[in-house]
2 protein chains.
Amino acid sequence: MSDAARTARSPQPRYGNRPTMKDVAARAGVGLKTVSRVVNGEPGVTAETERRVQDAITALGFRRNDSARILRKGRTASVGLVLEDLADPFYAPLNRAVEEVARDHGALLINGSSAEDPERERELALALCARRVDGLVIVPAGDDHRYLEPEIAAGIATVFVDRPAGRIAADAVLSDNFGGAREGVAHLVAHGHRRIGFLGDRPGIHTAAERLRGYRAAMAAAGLPVDEAWVSLGPTDPGRVRAEAERILTGPGAVTALFTGNNRVTATAVRVIAGLGRPVALVGFDDLELADLLSPAVTVVAQDAGQLGRTAAELLFRRLEGAQDAARRVELPTRLIVRGSGEIPPAAG
Amino acid sequence: MSDAARTARSPQPRYGNRPTMKDVAARAGVGLKTVSRVVNGEPGVTAETERRVQDAITALGFRRNDSARILRKGRTASVGLVLEDLADPFYAPLNRAVEEVARDHGALLINGSSAEDPERERELALALCARRVDGLVIVPAGDDHRYLEPEIAAGIATVFVDRPAGRIAADAVLSDNFGGAREGVAHLVAHGHRRIGFLGDRPGIHTAAERLRGYRAAMAAAGLPVDEAWVSLGPTDPGRVRAEAERILTGPGAVTALFTGNNRVTATAVRVIAGLGRPVALVGFDDLELADLLSPAVTVVAQDAGQLGRTAAELLFRRLEGAQDAARRVELPTRLIVRGSGEIPPAAG
DNA sequence: CCCGGTCTTGACAACGTTGTCCAGGCTCTA
DNA sequence: TAGAGCCTGGACAACGTTGTCAAGACCGGG
């Protein structure tokens, strides 16, 4: 009766008329605060009173409304994760790792994809800030993050991962893209290759630029010239990559080995090489599932995406617990996984 | 000064002293509600007033606190997703699809992994309910979901995906596991195989049981006997799968073909077969990246994980918009992707 | 010039929870 | 047995926002 009356006069939806602590208190014949104490396991309630409250909670199907709790306490116990694409298998372990660390700290994870669109990254990050997430882990799509300055100043801890922040000082956890690419290319050089191509992502992307830099460094260190016709950076859709791979791999002056700048490029390159009828040595950045079963097996420079996520999330929570030192850049090593390189025929030239 | 005073006397953290609408109102010299109107783009504010408010917002770096808004409005504009493992590439497109649909409806996505642990699934789902997510998409780990009854009754829309709910009536979006497995096994039969093994996930998992049923149906339809030594269900860790695959594939009465029950099993089986030195026909449930490049290429029964997620999320939002009809079970077709089947040598026996 | 209407604005309560503070009943000791 | 002190319980305000409602400004027509 009183419920019906309240429903009728209330202008708000009242969460589908769920019972509140007030309802529980009324039913148990105790005060509001006593219910709060029981729900939160606070001391100062006799066993008998607690039992009465518990019975009322069960009977009514009460569940605490965390929205109200959050408003009152000022902490949301949630962190946001913005990445390029939730569907990309490379980011799946990163996603899981961040979730796992958040869980260890009692926080939930809200996440979303930027789809490589800086505007969408911005919208998403700011929406998360409006929700007052305690912290933010971002795989940046854009290169200007000044829009986050007021949020960071207001206390939202922020850690960038995989790529650095643009135009603001912020923590970042990266792979050693330069060193990894240099090592991968050096591996090809050590196997006698002198004409090595580079096929990578758009040059505006930090990781792509760093990997290209590593390629050039390895070539220079070996005293090998780089024909710019061997180098191609751009979108990683299979169409472009296929065309560029064919261009670099055929015709006069074709390369004998290829270094590919990420997992998507590598997958397409493997297909092109398989159709080529001529052996080409291939080393790719990022490991691939089943890469050991391809013929020839693909040697890769592997990043540990899970470790990237874990490190970033742990840094985030250290900030949340009060760490105040200057923005830090953590660089994680890559690992060269040599597969079937013995079978790669050294180049003739 | 007044700020400092408030900070000192306030017992609450006040979100790192962020400005509120009250602060904006004071600075702009307008009422609280007018700020609210400007922030929400409500009509009835003169251009001049709006400008003053906007200036104050910019100057103070104000951003609306959605926690308070949510509390007031009773809708969180967020949905929860509980799945087995965020790091599993199979679920990545599902995750993304749910996010995409949520985004189209202006909602954020909170997600987490159950790690195949029913208790953890329960904790996570109930935590999301406490946050008052508008709806829940669940890939169930457990087989008893009665714990959700009060939540569903209280208005949290819930859709199960990949596997059905246990002991409650709820919407579910599934793949046609039975039909897909039957078709895959029939493909092997059509190529002359009579001794076909089945290597799958734990029998308690609905999808594993359905796929086994499909296998048996295809064998029965072809009039072929099933030797129980050819069938193995259990955990999908590489150790067990490898041992079982070797057992089924070698020795007297060994099978000439294998049907594998999911992507993880298939990957391990491919490795075992590669080391066997004898050709074995393989059809697997779930597609694999680069499966076309393996030798022999692996024929698969592919599910569209993205479509599963999209369908589930759309059903969820239809419920949120008021659809009241009885719980529905949607079954999506699978697709047989034949690869290099010409190269699979038919069995001798 | 006055009345009715529209338009803009702000005061106020409420959403459901938790922190503060005080009151009343009890036990323990002198 | 009385007073001090502890334990339990509840009234109240506040978190930051939005819905309701009413008041004032302004306009035009009679």
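Naming: A, B, ... by sequence-line order, numbering from 1 per chain. Since we're looking at a predicted model, the values are computed, not measured.
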**Q** Check every strand shown and say whether B:Asp66 touches a base, only sugar-phosphate, or nothing at a heavy-atom separation below 4.0 Å.
**A** nothing
**Q** Checking only heavy atoms, does the side chain of A:Lys22 share a donor-acceptor pair with the base of C:dG16 at less than 3.5 Å?
**A** no
**Q** Is the distance from OP1 or OP2 of C:dC15 to the nearest side-chain N or O of B:Arg69 less than 4.0 Å?
**A** no
**Q** Counting distance alone, no hydrogens or angles: does the base of D:dG16 have a donor or acceptor under 3.5 Å from a partner atom on the side chain of B:Arg18?
**A** no
**Q** Between B:Ile57 (CD1) and D:dT17 (P), how many Å, whole number?
**A** 10 Å
**Q** For A:Asp23 and C:dC15, what is the distance between atoms CG and C1' respectively, to the nearest whole Å?
**A** 13 Å
**Q** From CZ of B:Arg75 over to C1' of D:dG19, roughly how many Å is that when rounded to an integer?
**A** 17 Å
**Q** Write down the atom of B:Leu315, the atom of B:Asp171, and the distance for their closest heavy-atom approach.
**A** CD2-CB, 3.8 Å
**Q** Without decimals, in angstroms, what is the distance between B:Met21 CE and D:dT18 C1'?
**A** 8 Å
**Q** What is the minimum heavy-atom distance between B:Arg319 and B:Ala157, and which atoms define it?
**A** CB-CB, 4.0 Å
**Q** Please identify which of these residues, B:Glu121, B:Arg167, B:Arg122, meets the side-chain contact (heavy atoms from CB on, under 4.5 Å) condition with B:His145.
**A** B:Glu121
**Q** Using whole Å, report how far CD of A:Glu50 lies from P of D:dC7.
**A** 17 Å
**Q** Is the phosphate of D:dC15 approached by B:Asn65 (side-chain N or O, under 4.0 Å from OP1 or OP2)?
**A** no
**Q** Assign A:Val39 to base, sugar-phosphate, or nothing according to its heavy-atom contacts below 4.0 angstrom with the strands shown.
**A** nothing
**Q** Between B:Thr49 and C:dT9, is there a contact of a side-chain N or O with OP1 or OP2 at under 4.0 Å?
**A** yes
**Q** Would you call B:Glu123 and B:Arg120 a salt bridge, using N to O less than 4.0 angstrom?
**A** no
**Q** Does C:dC15 have OP1 or OP2 sitting under 4.0 Å from an N or O in the side chain of A:Arg72?
**A** no
**Q** Please give, in whole Å, the distance from D:dG16 P to B:Leu60 CG?
**A** 14 Å
**Q** With respect to the phosphate group of C:dT8, does any side-chain polar atom (N or O) of B:Thr46 fall under 4.0 Å of OP1 or OP2?
**A** no
**Q** Taking OP1 and OP2 of C:dG10, is either one under 4.0 Å from a side-chain nitrogen or oxygen of B:Thr34?
**A** yes
**Q** Measure from CG on B:Leu71 to P on D:dC15 and round the result to the nearest Å.
**A** 14 Å
**Q** Return the value, rounded to whole Å, for the distance between atom NZ of B:Lys33 and atom P of D:dC21.
**A** 13 Å
**Q** Would you check if there is a donor-acceptor pair between the side chains of A:Gln307 and A:Arg310 at a distance under 3.5 Å?
**A** yes
**Q** At under 4.0 Å, does any side-chain N or O of A:Lys73 touch on OP1 or OP2 of C:dG19?
**A** yes
**Q** If you only use heavy atoms from C-beta on, which nucleotide in C:dT17, C:dG19, D:dT18 is closest to the side chain of B:Leu32?
**A** D:dT18
**Q** Would you state whether a donor and an acceptor, one from the side chain of B:Arg37 and one from the base of D:dG19, lie under 3.5 Å apart?
**A** no
**Q** Check whether any side-chain N or O of B:Asn40 sits under 3.5 Å from a backbone N or O of B:Glu42 as a donor-acceptor pair, and report yes or no.
**A** no
